[in-house]
K.L.:
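This structure is in structure tokens; I'll ask about it shortly.
Quick note: numbers below take in every heavy atom, side chains included, and nothing from hydrogens, waters or symmetry partners. Along the sequence shown, the residues carry numbers beginning at 1.
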Amino acid sequence: MAFMEKPPAGKVLLDDTVPLTAAIEASQSLQSHTIVRRYSDFDLLNNSLQIAGLSLPLPPKKLIGNMDREFIAERQKGLQNYLNVITTNHILSNCELVKKFLDPNNYSANYTEIALQQVSMFFRSEPKWEVVEPLKDIGWRIRKKYFLMKIKNQPKERLVLSWADLGPDKYLSDKDFQCLIKLLPSCLHPYIYRVTFATANESSALLIRMFNEKGTLKDLIYKAKPKDPFLKKYCNPKKIQGLELQQIKTYGRQILEVLKFLHDKGFPYGHLHTSNVMLDGDTCRLLDLENSLLGLPAFYRSYFSQFRKINTLESVDVHCFGHLLYEMTYGRPPDSVPVDSFPPAPSMAVVAVLESTLSCEACKNGMPTVSRLLQMPLFSDVLLTTSEKPQFKIPTKLKEALRIAKECIEKRLIEEQKQIHQHRRLTRAQSHHGSEEERKKRKILARKKSKRSALENSEEHSAKYNNSNNSGSGASSPLTSPSSPTPPSTSVTCHLPVCQQEEDICITSTSSTSTTTSSSLASCEHRGTCPALVSGCEWREPRGLAQLYPEFPKRNFEESQNL
């Protein structure tokens, strides 16, 4: 069987960098993804995450009284806080353990086994390679696996094989994709880590590089061993210390030079972070050029997808360079982005570059270009000495294919940013509308509208009453006439105030209506005179009752009230 002869059709549309949030609810919600987890599942997850070295706030066990309502409510709050801590940690939220716990439907496959099957098929067609050991979880990607390799006729030499399947940003045709993957070993640049061997099919790619004992730039910053799992190396470093100023200047200049080289060639990258920079002595070399061809999402995608001005791959690279520079300077990633204020740095020139890439103003207005960063004082005076001449020949047809793929990647990013922006506005509006302060404001506004409506009705009824008195004839006796006694059963018609915006404040208007009605009726005195017209009520004269029934005024007051 040939290497990867029968791959699964199509690419993986699931973006592993999309952040997951979790909320514990007392009942099922039809508008959210629901999973059922017992406390033992949380305990198992917590034990698996102990490798990270973090102190996670999992509520303790309780054997007796664990079904009490108060205890269940308290434990629910504790588990919610536990999930919040995990999902807000950038490294933990992207690891396979958490993804499988929160989204088992999309992350149920055994990706290590799939990778072993593909690599085994590769060895059948390429017998000169041999697996030494799998490098388990040394990277952060769920669908990318690594193996330590050797060549049979060179047993002391160690290499690293990486296998990855296609991602949601793969827009190249299968033919162009395989041609570009096989073109990567021909890329020669002093600041690009060379690919020894590369091959691909319709669903995945396999690349082999030399193994570096010193590891990556992130290993240097965190004082970590390259073969250790990703969570163990970087989640909780024992010592937080940035690099020296000269190292920051040199490494930064080298990385910017290779980014400019790729942009000039029309080759999209978008995957810059400290784990993708290999250290070779005092030289930084860029890794994983194949990621953009595979269509894999970037490590910092959950950050730059929040800002609509970071909408090109060059601006993505510049923003990611800001993350890298921050980590080199302070020995840790930023707590949040954008960064409001920066801690003291070895030089103000470092802070100037950080402000141009990570500050609120930069994220709101847009990123500078790579050429602009090279001209800034931090990097402009760095002299690079290298004898290796860059070489990366891309045929014209493949350049056009890369340009189209780059536009499609940027288009998907813009659409995602638009959706995030709309969702953020909706969430903010719902939160504001449902706040306690806003509810009080709506109640007060409803009461004011109800009172205003009642006052308007009162004025209208007063005008009608005055007009009827002015235009009355002698056949009808006025209320104040001494020859025409007024019966105590004077009829009262109550007109309830109508809310003008019933849909917005239906609850408030209902309570206002009932209050106005009761107060109006309570204020209506059954007497012959009306000293002050009650708001919302209209007095009417008796129409001949005294003339038709002379005994009517002598009846009991309660009977007249009932009538």
Side-chain angles (χ1 to χ4, degrees), residues 12 14-29 31-68 70-116 134-146 222 224 227-238 275 297 299-303 332-333 335-336:
V12 178
L14 186 64
D15 189 341
D16 297 331
T17 62
V18 174
L20 298 177
T21 58
I24 300 176
E25 299 180 353
S27 61
Q28 183 177 1
S29 174
Q31 298 181 352
S32 62
H33 173 73
T34 304
I35 57 173
V36 179
R37 296 293 186 191
R38 299 178 62 86
Y39 179 81
S40 58
D41 298 325
F42 281 88
D43 188 50
L44 182 61
L45 173 66
N46 190 67
N47 291 333
S48 301
L49 294 178
Q50 291 302 309
I51 190 175
L54 296 173
S55 179
L56 300 175
L58 181 69
K61 295 181 181 180
K62 187 176 182 181
L63 299 178
I64 300 175
N66 57 1
M67 297 303 293
D68 296 340
E70 295 181 359
F71 171 74
I72 292 175
E74 190 67 25
R75 171 173 280 184
Q76 179 176 329
K77 293 180 181 179
L79 292 177
Q80 182 64 68
N81 180 53
Y82 176 77
L83 290 177
N84 292 341
V85 171
I86 290 177
T87 53
T88 53
N89 186 298
H90 185 60
I91 296 179
L92 286 182
S93 61
N94 282 308
C95 76
E96 185 176 356
L97 295 170
V98 175
K99 294 283 188 180
K100 284 188 174 183
F101 182 83
L102 297 178
D103 193 3
N105 294 330
N106 288 321
Y107 295 95
S108 58
N110 189 334
Y111 301 107
T112 303
E113 185 178 347
I114 296 173
L116 282 171
L135 300 174
K136 190 177 180 180
D137 300 330
I138 67 167
W140 69 275
R141 291 191 184 275
I142 298 174
R143 293 182 175 86
K144 192 168 188 177
K145 301 300 177 181
Y146 298 87
Y222 288 77
K227 292 183 181 181
D228 286 343
F230 198 85
L231 294 181
K232 182 179 180 180
K233 290 187 290 187
Y234 308 132
C235 263
N236 189 23
K238 295 179 180 179
S275 291
F299 182 68
Y300 292 120
R301 187 178 183 90
S302 60
Y303 287 95
R332 59 178 179 84
D335 296 328
S336 61

K.L.:
Kindly indicate whether the side chain of L231, heavy atoms from C-beta on, has any atom under 4.5 Å from the side chain of L54.
P.N.:
no

K.L.:
Rounded at 0.5 Å granularity, tell me how far NZ in K145 sits from CD1 in I138.
P.N.:
10.5 Å

K.L.:
Nearest 0.5 Å, please: how far is CZ in R141 from OH in Y146?
P.N.:
7.5 Å

K.L.:
With rounding to the nearest 0.5 angstrom, report the CD1 to CG distance, I142 to N94.
P.N.:
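Rounded to the nearest 0.5 Å, the CD1-CG separation comes to 7.0 Å.
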
K.L.:
Please find the pair of heavy atoms, one from K100 and one from Y107, that lie closest to each other, and give the distance.
P.N.:
CG-O, 2.9 Å

K.L.:
Below 4.5 Å, heavy atoms only, C-beta onward: do P333 and I91 meet side chain to side chain?
P.N.:
no

K.L.:
Shortest non-hydrogen contact from K99 to S93?
P.N.:
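Looks like CE-O, 3.4 Å.
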
K.L.:
So which atom in I114 and which in A109 form the shortest heavy-atom distance, rounded to 0.1 Å?
P.N.:
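Nearest heavy atoms, I114 then A109: CD1-CB, 4.2 Å.
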
K.L.:
Any idea which heavy atoms bring D103 and N106 closest together, and the distance?
P.N.:
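Smallest heavy-atom distance, with atoms named: OD2-ND2, 2.9 Å.
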
K.L.:
State the CG-CG distance between L102 and L45, to the nearest 0.5 angstrom.
P.N.:
8.0 Å

K.L.:
List the atom of Y234, the atom of A224, and the distance in Å for their closest heavy-atom pair.
P.N.:
CE2-CB, 4.2 Å

K.L.:
Could you give the distance from CG (L58) to OH (Y39), rounded to the nearest 0.5 Å?
P.N.:
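L58 atom CG to Y39 atom OH measures 4.0 Å (nearest 0.5 Å).
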
K.L.:
Is the closest side-chain heavy-atom distance between T112 and P134 below 4.5 Å?
P.N.:
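No, their side chains stay 4.5 Å or more apart.
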
K.L.:
Got a salt bridge between K136 and E96, using NZ or NE/NH1/NH2 to carboxylate O under 4.0 Å?
P.N.:
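Between E96 and K136 there is no salt bridge, as every charged N stays at least 4.0 Å from the carboxylate O atoms.
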
K.L.:
Supply the atom-to-atom distance K61 NZ to R75 CZ, rounded to the nearest 0.5 angstrom.
P.N.:
9.5 Å

K.L.:
Is the ring pair F299/H90 parallel, tilted or perpendicular, if the boundaries are 30 and 60 degrees?
P.N.:
perpendicular

K.L.:
Any idea which heavy atoms bring P57 and N81 closest together, and the distance?
P.N.:
CG-ND2, 3.7 Å

K.L.:
Using side chain to side chain contact (heavy atoms under 4.5 Å, CB included), reason through L49 and V98 one step at a time and then give a plain yes or no.
P.N.:
CA-CA 9 Å; L49 294 178; V98 175; 4.3 Å; yes

K.L.:
Do R332 and P237 have side chains that approach each other closer than 4.5 Å (heavy atoms only, starting at C-beta)?
P.N.:
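Side chain of R332 against side chain of P237, heavy atoms only: no contact under 4.5 Å found.
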
K.L.:
For F101, does the six-membered ring have the charged nitrogen or CZ of R37 within the cation-pi criterion, i.e. under 6.0 angstrom from the centroid and within 45° of the normal?
P.N.:
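Yes; both conditions hold, so R37 lies above the ring face of F101.
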
K.L.:
Is a side-chain donor or acceptor of N89 paired with a backbone partner of I86 at a separation under 3.5 angstrom?
P.N.:
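Flag not set: sc N89 to bb I86 has no pair under 3.5 Å.
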
